[in-house]
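Data block below; observations after.
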Amino acid sequence: MEHPENSSEYAGLTVNSGVEQPSIVNPYLKKMRKKRQKFLNADEYVEGILKGDVSVLSQAVTLVESVLPEHQAIAQEVIEKCLPFSGNSVRVGISGVPGAGKSTSIDAFGIHLLNNYEGKLAVLAIDPSSEKTKGSILGDKTRMEKLSVHPLSFIRPSPTAGSLGGVARKTRETIILCEAAGYNHIFVETVGVGQSETACHSMVDFFLLIQLAGTGDELQGIKRGIMEIADGIAINKADGNNVDKANLAATQFRNALHLFPMPDSGVVPQVKCYSGFYELGIDEILKMIFDYIDIVKSNGYFQYRRNQQSKYWMYESINEQLRNGFYHHPDIKSLIPEMEKNVLGGKMTSFVAAHQLLTKYYDELKNR
Ligand code: GDP
């Protein structure tokens, strides 16, 4: 439409028709989206992973973490094809209560490791809190400042979906992909609460427990049975006024360790003090880990432990699949609330309710 201002009545003012304005939506967005959504096939993932392509590795890990069946199918194929190229790493579990200094320490251990030992490092995590609160204790803030920008490191926060078993399985599968991509050192971080430590222990060659002096942790660790699974204890924050306290705690831990039977590895866990923040004693901690690995590789325990872990994961996978199959079955899903009500109302015993549900499930399977 002609602008009214351009009529002769408004002689003093004219308006040009101007140029067409560009869309406020980026016209390339669609193209970019399409490009990003392009999925590789399993062989392309494997090829990229074996080349050490970090972006392909990240995408493959995303598939492993996905709950979509089509993603899972391709992820499983990738994992299977990567398996022959995996296993050649030292897997270290690192645990400690929130605030123990895990991220500070992993940053320091990682940088020291990359500077002094050959190869690459992947840092993964098992974070149990994600299950309940949908939040996480470990968090995904850039907690490892130096390591996160190091070209030879790969840092991946904890998978979030599913039960602890599910989260742990995904971390274990990610280890396989990382190893196939040439990461010969793997750190698996976990929070020192609940069952996550056991899950972490079941996938590593060395389990390091980070402790603090003077917090009552000494007893906590013993009480929770966590000392039995530690292959080494590292007392952090041994700096400034804290050095004496840390040394005292180390003595207490060593004494406590005498109460335990000799571990199957044949190596008595060592207790070392260090400071992650001031980077003191880092080399001793790494040396403790690698010395242990040397010993267990020569006495056969290294392979034995990995075999035991494989067996454990076979049963874990079976359990998870059975559980999922049962609880996700539509008939069972619809029957469970009624059964629950019966049990809560005292109309039925738990065992009868469980038996009826299982019978129904097996009948459904037979009739399929
Ligand atoms: P996380 O929750 O176990 O990952 O612990 P962080 O690494 O986030 O550390 C918790 C707090 O302890 C932070 O404020 C760190 O700066 C501090 N911290 C970590 N390591 C040391 C250490 O070696 N010495 C001292 N004095 N403080 C430390």
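For ligands, and for the atoms within them, numbers begin at 1 and follow the listed sequence. Each residue takes its place number in the sequence, starting with 1.
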May I ask you to check whether [X] has an N/O atom sitting below 3.5 Å from an N/O atom of ligand 1?
X: Ser103; value: yes
X: Pro98; value: no
X: Tyr274; value: no

(message) So, applying salt bridge (charged side-chain N to carboxylate O under 4.0 Å, His left out) with Glu65, which one of Arg156, Lys170, Arg169 is it?
(response)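 Passing option: Arg156.
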
(message) As a test of understanding, state which of Arg305, Arg306, Lys297 forms a salt bridge (charged side-chain N to carboxylate O under 4.0 Å, His left out) with Asp205.
(response)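 Result for salt bridge (charged side-chain N to carboxylate O under 4.0 Å, His left out) with Asp205: Arg306.
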
Within the 4.0 Å heavy-atom shell around [X], which atoms of ligand 1 are there?
X: Lys102; result: 1 (P), 2 (O), 3 (O), 4 (O), 5 (O), 7 (O)
X: Gly276; result: 23 (O)
X: Ala100; result: 3 (O)
X: Val97; result: 3 (O)

(request) Step through the shown structure and confirm whether more than 12 heavy atoms of other residues, nucleotides or ligands are within 6.0 Å of CD on Glu80. (result)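 12 or below, so no.
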
Heavy-atom distances under 4.0 Å decide this one: backbone, side chain, both or neither, for [X] against ligand 1?
X: Ser275; result: both
X: Asn242; result: neither
X: Thr104; result: both

(message) Tell me if the centroids of the rings in His185 and Phe290 come within less than 6.0 Å of each other.
(response)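 Yes - the distance between ring centres of His185 and Phe290 falls below the 6.0 Å cut-off.
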
(request) Counting heavy atoms only, name the option from Gly101, Ala108, Gly96 that's nearest to atom 5 (O) of ligand 1. (result)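 That would be Gly101.
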
(message) Looking at non-hydrogen atoms alone, which of Lys237, Glu279, Glu189 comes nearest to atom 12 (O) of ligand 1?
(response)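 Shortest heavy-atom distance from atom 12 (O) of ligand 1: Lys237.
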
(request) Side-chain contact test, heavy atoms from C-beta onward, threshold under 4.5 Å: evaluate it for Lys245 versus Asn242 and give yes or no. (result)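 Lys245 reaches Asn242 side chain to side chain.
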
Please tabulate, for side-chain N and O atoms in residues 341-353, each donor-acceptor pair with protein atoms closer than 3.5 Å (sequence neighbours left out).
residue: Thr349; atom: OG1; partner: Val352; partner atom: N; Å: 3.2

(request) Name all pairs fulfilling the ring pair (Phe, Tyr, Trp, His ring centres under 6.0 Å) condition that reach into residues 82-113, sequence neighbours left out, sorted by first residue then second. (result)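 Applying ring pair (Phe, Tyr, Trp, His ring centres under 6.0 Å) to every pair that reaches into residues 82-113, excluding sequence neighbours, yields Phe109-Tyr274.
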
(message) Let me confirm one number: the CD1-OH distance from Ile295 to Tyr301, rounded to the nearest 0.5 Å.
(response)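 So the CD1 of Ile295 and the OH of Tyr301 are separated by 13.0 Å.
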
